Number of protein chains: 2
Amino acid sequence: MSTSTRRGASAPDALEDQGTERFLAGELAQQIQFLTARARGRGSGHANHMLAPLGIKVRQYSVLSLAASGLKPSQREMGEFLALDPSQIVALVDSLEDLGAVQRETDPRDRRSKIIVATEAGMELFEKAREVLLESEDATLGTLSARERKQLRGLLLKIAF
Amino acid sequence: MSTSTRRGASAPDALEDQGTERFLAGELAQQIQFLTARARGRGSGHANHMLAPLGIKVRQYSVLSLAASGLKPSQREMGEFLALDPSQIVALVDSLEDLGAVQRETDPRDRRSKIIVATEAGMELFEKAREVLLESEDATLGTLSARERKQLRGLLLKIAF
DNA sequence: TTCGATCATTGACTTTCTCAACGGTATGGG
DNA sequence: CCCATACCGTTGAGAAAGTCAATGATCGAA
């Protein structure tokens with residue numbers, strides 16, 4: 001009940017602070033590239049803020065999510081799916097390991113690769129974080145109807161890979 | 001005509017390399033947050049690559065675009081619209097100024113603020129970059145129909161601000 | 001066995017982000 | 001007019017994120 005930000009009960013079409021909408025008719029606001037970057041900035045910003053009490057960020061959540069999926073992902077697979085450099089995965093897994101949320105297990109089929117699995121504590125952390133993120137997503141998507149959200153998901157899914 | 005990457009004439013539903021689609025059914029692929037970040041990563045990556053020959057990146061393009069819009073934006077306004085810290089705007093304007101693409105003009109109404117305008121050369125650079133970016137966007141959106149692109153633009157516009 | 005490729009890891013480096021401070025300037029109240 | 005306060009651009013420092021090359025261990029195939 002605290003969130004004071006945005007969505008004032010009044011001011012129907014007051015987008016953000018004044019001065020911004022002046023450029024909405026411009027060329028940038030038509031470029032999907034730019035809009036995507038803008039949306040992502042707002043989204044991950046809000047998400048990280050909401051996630052802070054849990055001691056992780058969205059980056060780490062994404063790794064934790066894969067670890068908790070039961071799909072036994074290797075670090076390389078994670079990097080590919082998350083579009084992150086292998087070295088970044090190392091750091092992220094390290095930090096989650098420090099939190100006791102995940103564990104590295106050497107793949108018996110290929111001892112070079114390590115499979116990341118969530119611990120008990122990791123599963124609990126994941127569930128909490130998941131709910132927080134669903135709230136955050138809901139807040140970020142504010143004005144969109146359920147139908148529109150589904151549409152957006154579908155469209156993004158097509159271009160994200 | 002060199003770009004060998006992606007969009008093979010065949011392979012209708014071959015998303016990226018193999019191993020990735022294994023996680024598509026997972027929980028992350030349902031989160032708009034994640035999809036947005038993924039899409040943005042791909043998009044800006046491709047765009048920066050295409051833009052490299054012109055000596056700028058998407059960050060600088062966005063500033064140049066506003067400067068070339070004729071809307072006489074101040075740096076503060078740019079920062080707000082682009083969701084960038086004022087100090088970053090300074091650096092971006094500096095680099096564009098070094099390229100001779102933009103100029104700082106002190107606002108006569110408020111001598112604290114500086115209005116950024118594109119030079120002749122800046123306008124030419126902007127036009128070239130604009131075309132490159134439209135191509136890049138087209139490539140990134142590959143599989144989307146014109147109708148879907150319009151939808152996506154509309155949806156993103158709603159959540160980007 | 002040996003050679004080339006792959007995986008995780010490390011390290012160095014660049015870019016981007018975030019924040020605090022400072023000088024110059026505007027604005028409003030006494 | 002003078003003053004306090006707030007704002008703009010700028011600088012600087014430090015954290016976070018992204019990029020790239022190299023290495024040891026392991027795999028797969030010749």
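Order of the sequence lines fixes the chain letters, A, B, ..., with proteins taken first and strands second; residue numbering starts at 1 for each chain. Remember, predicted model here, so these are calculated numbers, not experimental data. When reading the values below, keep in mind they use all heavy atoms of this one structure, side chains included, and skip hydrogens, waters and symmetry mates.
- Candidate nucleotides dT25(C), dT16(C), dG9(D) were compared by shortest atom distance to the side chain of Arg111(B), and dT25(C) ranks first.
- Per the geometry, CG belonging to Asn48(B) stands 18 Å off P belonging to dT14(C), to the nearest Å.
- In this structure, Met78(A) places its CE atom 10 Å from P of dA8(C), rounding to the nearest Å.
- Rounded to whole angstrom, the span from the CD atom of Glu77(A) across to the P atom of dC7(C) amounts to 9 Å.
- If you measure from atom CD1 of Ile56(A) to atom C1' of dA16(D), you get 16 Å, rounded to the nearest angstrom.
- In the set dT10(C), dT18(C), dA17(D), the nucleotide with an atom closest to the side chain of Gln88(A) is dA17(D).
- Side chain of Thr119(B) to backbone of Ala101(B): a donor-acceptor contact under 3.5 angstrom is found.
- DNA chain C is contacted by both Val90(A) and Lys57(B); Val90(A) maps to the nucleotide lying nearer its 5′ end (nearest heavy atom per residue).
- A donor-acceptor contact closer than 3.5 angstrom links the side chains of Tyr61(A) and Gln31(B).
- Ranking dA8(C), dC19(C), dT19(D) by closeness to the Arg104(A) side chain, first place goes to dA8(C).
- Counting only distance, with no hydrogens or angles, the side chain of Arg38(B) and the backbone of Ala160(A) share a donor-acceptor pair below 3.5 Å.
- The separation between Arg40(A) atom CZ and dT16(C) atom C1' is 10 Å, rounded to whole Å.
- Leu84(B) comes within contact range of the sugar-phosphate backbone alone, with a heavy-atom separation under 4.0 Å but no base atom that close.
- Among the nucleotides dG9(D), dA8(C), dT11(D), the one closest to the side chain of Arg76(A) is dA8(C).
- Ionic pairing of Glu148(A) and Lys158(B) is present here: one or more N-O contacts between side-chain nitrogen and carboxylate oxygen are shorter than 4.0 angstrom.
- Straight-line distance from the CG atom of Leu82(B) to the P atom of dG9(D): 13 Å, rounded to whole Å.
- Rounded to an integer number of Å, the gap from Glu105(A) CD to dC7(C) P is 19 Å.
- Taking only distance into account, the side chain of Ser74(B) never meets the base of dC8(D) through a donor-acceptor pair shorter than 3.5 Å.
- Comparing Ala83(A) and Ile115(B) by the nucleotide of DNA chain D whose heavy atom lies nearest to each, the residue mapping closer to the 5' end is Ile115(B).
- Look at CG on Asp107(B): it is 17 Å from P on dC7(D), rounded to the nearest Å.
- Closest to the side chain of Arg112(A), out of dC20(D), dC8(D), dC7(C), is dC7(C).
- Between Asp85(A) and Asp110(B), the residue anchored closer to the 5' end of DNA chain D is Asp110(B), taking for each the nucleotide with the nearest heavy atom.
- When each of dG18(D), dC8(D), dT9(C) is scored by its nearest atom to the side-chain atoms of Ser113(B), the top-ranked nucleotide is dC8(D).
- For Ser87(B), counting side-chain heavy atoms from C-beta on, the closest listed nucleotide (dA17(D), dG18(D), dT18(C)) is dT18(C).
- Screening Arg42(A), Arg149(A), Arg153(A) for a salt bridge (Lys or Arg N to Asp or Glu O under 4.0 Å) involving Glu137(A) leaves a single residue, Arg153(A).
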